[in-house]
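What's counted below: heavy atoms across the whole structure, side chains too, no hydrogens, waters or symmetry copies. In this text the structure is predicted, and so the values were computed from the model without any measurement.
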Amino acid sequence: MDKFDQAIITALRQDARQSISSIADTVSLSRSAVSERIKKLEHTGIIRGYQVLLSESQKEGVSAYFEIQHRCPRCADVVHVFQSIPEVVTCRGITGDMDLLVYVQADSMRRLHEIREYIDAQTDIIKIKTHVVMSEWIDNRG
């Protein structure tokens, strides 16, 4: 990734719906160059997707954080479990007694429970703690 790719990513983070022409003007490249770079960033997995962020009042369903402790030598050895769950938004390695912090957004409490049971049933998972999100006051993700 060079400075142009970084600039394109910055522009997309500010507004992923802006036109290729607008991004091209911002980063001082042609529309075709920007389009090709975006395709390459998507193809290589640097850009993994785009999302719609709703205000809390418009959300339905439930979200939760799972603190996970596992028995694998490396966190990367157990991440496949979470990649197979479409409701997983983030999975991060953390310090402390637990190894991973997994953020999940599910359609219902029932589905959240199913996800938790699935994770808990994995042989490499030692412990799971669930923190259901009750309110959200600040979200600076975008």
Side-chain angles (χ1 to χ4, degrees), residues 1-27 29 31-142:
M1 271 194 357
D2 62 13
K3 68 178 185 175
F4 292 110
D5 290 336
Q6 290 288 349
I8 290 168
I9 289 170
T10 299
L12 288 170
R13 281 187 169 158
Q14 290 171 354
D15 180 4
R17 293 190 57 186
Q18 66 182 297
S19 69
I20 298 293
S21 295
S22 174
I23 296 170
D25 289 343
T26 301
V27 301
L29 288 174
R31 288 190 320 260
S32 60
V34 169
S35 182
E36 283 301 313
R37 283 175 177 266
I38 290 173
K39 286 178 189 173
K40 182 180 176 186
L41 291 167
E42 291 170 344
H43 180 70
T44 59
I46 293 170
I47 295 177
R48 296 184 302 160
Y50 303 88
Q51 64 183 3
V52 173
L53 300 173
L54 298 175
S55 67
E56 193 63 32
S57 65
Q58 297 301 308
K59 289 182 182 177
E60 293 184 13
V62 63
S63 56
Y65 290 91
F66 294 136
E67 288 183 69
I68 307 289
Q69 187 178 45
H70 61 82
R71 68 179 86 237
C72 295
R74 301 176 315 133
C75 288
D77 296 337
V78 75
V79 169
H80 66 90
V81 169
F82 308 103
Q83 288 173 329
S84 68
I85 304 168
E87 291 88 351
V88 169
V89 177
T90 61
C91 176
R92 297 188 167 124
I94 59 174
T95 62
D97 295 339
M98 303 302 256
D99 301 307
L100 297 169
L101 185 64
V102 178
Y103 180 61
V104 176
Q105 291 179 330
D107 291 337
S108 66
M109 189 61 84
R110 179 185 308 245
R111 178 61 184 146
L112 183 66
H113 178 72
E114 290 170 357
I115 294 166
R116 188 191 190 289
E117 292 293 305
Y118 170 77
I119 294 169
D120 202 28
Q122 303 302 306
T123 56
D124 289 328
I125 303 301
I126 297 170
K127 184 176 182 181
I128 181 171
K129 289 168 73 175
T130 305
H131 305 275
V132 175
V133 175
M134 300 290 291
S135 299
E136 180 182 302
W137 291 282
I138 299 171
D139 184 352
N140 291 322
R141 288 183 290 175

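- Nearest heavy-atom pair across Pro73 and Asp77 is CD-OD2, 3.6 Å.
- How far CD of Gln122 is from NE2 of His80: 7.5 Å, rounded to the nearest 0.5 Å.
- A donor-acceptor pair under 3.5 Å is absent between the side-chain atoms of Ser35 and the main chain of Arg31, judged by distance alone.
- Residue Cys72 forms a side chain to side chain contact (heavy atoms under 4.5 Å, CB included) with just one option from Ile125, Ile126, Asp99, Asp124, and that option is Asp124.
- Taking a cutoff of 4.0 Å between a charged side-chain nitrogen and a carboxylate oxygen, Arg37 and Asp2 qualify as a salt bridge.
- If you take CD on Glu114 and CG on Leu112, they are separated by 9.5 Å, rounding to the nearest 0.5 Å.
- Within a 6.0 Å sphere centred on CG of Asp107, other residues, nucleotides and ligands contribute 12 heavy atoms or fewer.
- Taking NZ of Lys127 as the reference point, atom CG of Asp97 lies at 7.0 Å (rounded to 0.5 Å).
- Of all heavy-atom pairs spanning Ser63 and Gln105, the tightest one is CB-CG, 3.9 Å.
- From His113, atom NE2 reaches atom CZ of Arg111 across 11.5 Å, with rounding to the nearest 0.5 Å.
- For the atom pair CG (Leu12) and OG1 (Thr26), the distance works out to 10.0 Å, reported to the nearest 0.5 Å.
- Between the CG atom in Leu101 and the CZ atom in Arg92 there is a gap of 8.0 Å [rounded to 0.5 Å].
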(request) Please test Val102 against Thr90 for side-chain contact (heavy atoms from CB on, under 4.5 Å), starting from the C-alpha separation and ending with a verdict. (result) CA-CA 6 Å; Val102 178; Thr90 61; over 6 Å; no

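- No donor-acceptor contact under 3.5 angstrom links the side chains of Glu67 and Tyr65, judged on distance only.
- Residues Tyr50 and Glu42 have side chains that bring a donor and an acceptor to within less than 3.5 angstrom of each other.
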(message) Quick one, Ile119 with Phe82, criterion side-chain contact (heavy atoms from CB on, under 4.5 Å). Give me CA distance, side-chain angles, the key distance, then yes/no.
(response) CA-CA 8 Å; Ile119 294 169; Phe82 308 103; 3.8 Å; yes

